[in-house]
A.B. asks: 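Would you mind keeping the following structure in view while I ask a few things?
Everything numeric here is computed off the predicted structure, so don't read it as measured data.
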Amino acid sequence: MALIPSQILRVAILLSYFSILCNYKAIDMPAHQTYGGSWKFLTFIDLVIQAVFFGVCVLTDLSSLLTKGSASMEQERQLRKLISLRDWMMAVLAFPVGAFVVTMFWTLYVYDRDLVYPRLLDNFIPQWLNHGMHTTVLPFIVIEMRTTHHRYPSRTCGLFAVCMFAVGYVVWMCWVHSMTGVWVYPLLEHIGPMARILFFICLTALISVYYVLGEILNNYIWDSSKSKLKG
């Protein structure tokens, strides 16, 4: 038996994301006042994705509780829709985008933090909030994967959706640059046009790799659990 019921964990994680988002939006940073606001940063988009995902998880738990023992076919149908949405969001958005944000941020931060998180930001963003945005995302999503079995779509459909998200964000970054003359991330200011194209291709490839890794991890966790139960 789990020490903490998964339903309680999901509520706690959802509340933590609300807290992180509220504190982040309350910060009076110059970047928030420019074109695109917070929405030009993948970190913020990821936080919204995670909050919506865990919101769907909590809603699914509540619906499951309310439909338990019910003979209503309509309620069962609505519950299956919610579960399908939850599983799709986990596979295509929550895990690959969350894993990408955490690993890419800390890799660049260790190499040269000014490429992704200039020291000036320390005056606006406290350390706990930085970790809330760039660290705890990954353990939270792994906890969710460990406590609930998620059905992944076919790999072709899943990879197509992930690539569309990545390409959409690249187009959004380029649009922001065309409107402001400034790249969202300092790293892009220091490399040439061909290097940027290569970077965008690598970004799309890496997030696709994280999709496949998420699928493999999910299958490993739940195949192992089934083997233990049979044993």
Side-chain angles (χ1 to χ4, degrees), residues 17 20-51 92-142 159-214:
Y17 277 122
I20 290 166
L21 282 167
C22 288
N23 279 277
Y24 179 73
K25 291 298 290 181
I27 296 172
D28 185 22
M29 282 198 305
H32 289 177
Q33 313 304 322
T34 57
Y35 185 84
S38 304
W39 290 98
K40 58 181 173 283
F41 300 111
L42 186 58
T43 292
F44 180 77
I45 294 172
D46 179 49
L47 288 174
V48 174
I49 288 171
Q50 301 299 331
V92 172
L93 295 174
F95 185 88
V97 178
F100 178 86
V101 166
V102 172
T103 54
M104 181 62 75
F105 174 83
W106 287 112
T107 299
L108 292 172
Y109 187 96
V110 169
Y111 176 73
D112 182 356
R113 65 168 294 178
D114 288 325
L115 293 176
V116 67
Y117 193 80
R119 286 172 173 79
L120 176 66
L121 293 179
D122 290 339
N123 298 323
F124 299 96
I125 303 175
Q127 281 296 313
W128 72 266
L129 186 55
N130 181 27
H131 284 293
M133 296 188 298
H134 298 116
T135 305
T136 58
V137 171
L138 191 53
F140 282 169
I141 205 66
V142 171
L159 284 173
F160 178 78
V162 167
C163 288
M164 287 300 97
F165 174 85
V167 170
Y169 183 66
V170 168
V171 171
W172 171 232
M173 280 195 295
C174 293
W175 177 259
V176 171
H177 177 260
S178 72
M179 297 298 291
T180 64
V182 178
W183 286 103
V184 173
Y185 300 104
L187 166 67
L188 297 173
E189 301 282 0
H190 298 288
I191 58 179
M194 291 306 297
R196 284 193 203 104
I197 293 171
L198 181 61
F199 177 79
F200 293 149
I201 292 171
C202 290
L203 180 154
T204 304
L206 184 56
I207 203 168
S208 299
V209 169
Y210 280 126
Y211 171 85
V212 176
L213 287 177

A.B. asks: Output the distance between atom OH (Y169) and atom CZ (F200), rounded to the nearest 0.5 Å.
C.D. replies: 9.5 Å
A.B. asks: Do T43 and Y24 have a side chain donor and acceptor closer than 3.5 Å?
C.D. replies: no
A.B. asks: Under 6.0 Å from the OH atom of Y35, do we count more than 12 heavy atoms belonging to anything else shown?
C.D. replies: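 Yes - once you tally the heavy atoms of other residues, nucleotides and ligands closer than 6.0 Å, there are more than 12.
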A.B. asks: Show, in sequence, the C-alpha distance, side-chain angles and deciding distance for F165 and V92, and conclude whether the side-chain contact (heavy atoms from CB on, under 4.5 Å) test is met.
C.D. replies: CA-CA 9 Å; F165 174 85; V92 172; 5.9 Å; no
A.B. asks: Got a sec: does the CH2 of W128 have more than 12 other heavy atoms crowding it under 6.0 Å?
C.D. replies: yes
A.B. asks: A quick test of your reading: do over 12 heavy atoms of other residues, nucleotides or ligands sit less than 6.0 Å from CZ of F124?
C.D. replies: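 Result for CZ/F124: enclosed.
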A.B. asks: What is the minimum heavy-atom distance between L47 and G132, and which atoms define it?
C.D. replies: CD2-O, 4.1 Å
A.B. asks: Can you give me the closest heavy-atom contact between L159 and S208, atom names plus distance?
C.D. replies: CD2-O, 3.6 Å
A.B. asks: Using the side-chain contact (heavy atoms from CB on, under 4.5 Å) definition, which of the options T204, L198, L206 pairs with C202?
C.D. replies: L198
A.B. asks: Got a donor-acceptor contact below 3.5 angstrom from the E189 side chain to the V182 backbone?
C.D. replies: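 No; judged by distance alone, with no hydrogens or angles, the pair does not exist.
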A.B. asks: How long is the gap from CD1 on I125 to CE on M133, to the nearest 0.5 Å?
C.D. replies: 4.0 Å
A.B. asks: Return the minimal non-hydrogen interatomic distance between K40 and V184, and the atom names on each side.
C.D. replies: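 For K40 versus V184, the nearest heavy atoms are O-CG1, 3.3 Å.
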A.B. asks: Enter the distance from N130:CG to I20:CD1 here, rounded to the nearest 0.5 Å.
C.D. replies: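 Going from the CG atom of N130 to the CD1 atom of I20 covers 10.5 Å.
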A.B. asks: Pair T180, T34 - check side-chain contact (heavy atoms from CB on, under 4.5 Å), show working.
C.D. replies: CA-CA 8 Å; T180 64; T34 57; 5.6 Å; no
A.B. asks: Which atom pair, heavy atoms only, marks the closest approach of L42 to Y185?
C.D. replies: N-OH, 2.8 Å
A.B. asks: Ignoring hydrogens, what is the shortest heavy-atom contact between Y210 and A99? Give both atom names and the distance.
C.D. replies: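 Closest pair (atom of Y210, atom of A99, distance): CD2-CB, 3.8 Å.
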A.B. asks: Starting from the C-alpha separation in whole Å, work towards a yes-or-no answer on side chain to side chain donor-acceptor pair (under 3.5 Å) for W106 and Y117.
C.D. replies: CA-CA 10 Å; W106 287 112; Y117 193 80; over 6 Å; no
A.B. asks: Which value, rounded to the nearest 0.5 Å, describes the distance between H134 atom NE2 and T136 atom OG1?
C.D. replies: 10.5 Å
A.B. asks: Out of curiosity, L129 CG to N23 CG, how far, rounded to the nearest 0.5 Å?
C.D. replies: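 If I round to the nearest 0.5 Å, the distance is 6.0 Å.
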A.B. asks: How many angstroms lie between CZ in R196 and NE2 in H177, if you round to the nearest 0.5 Å?
C.D. replies: 6.0 Å
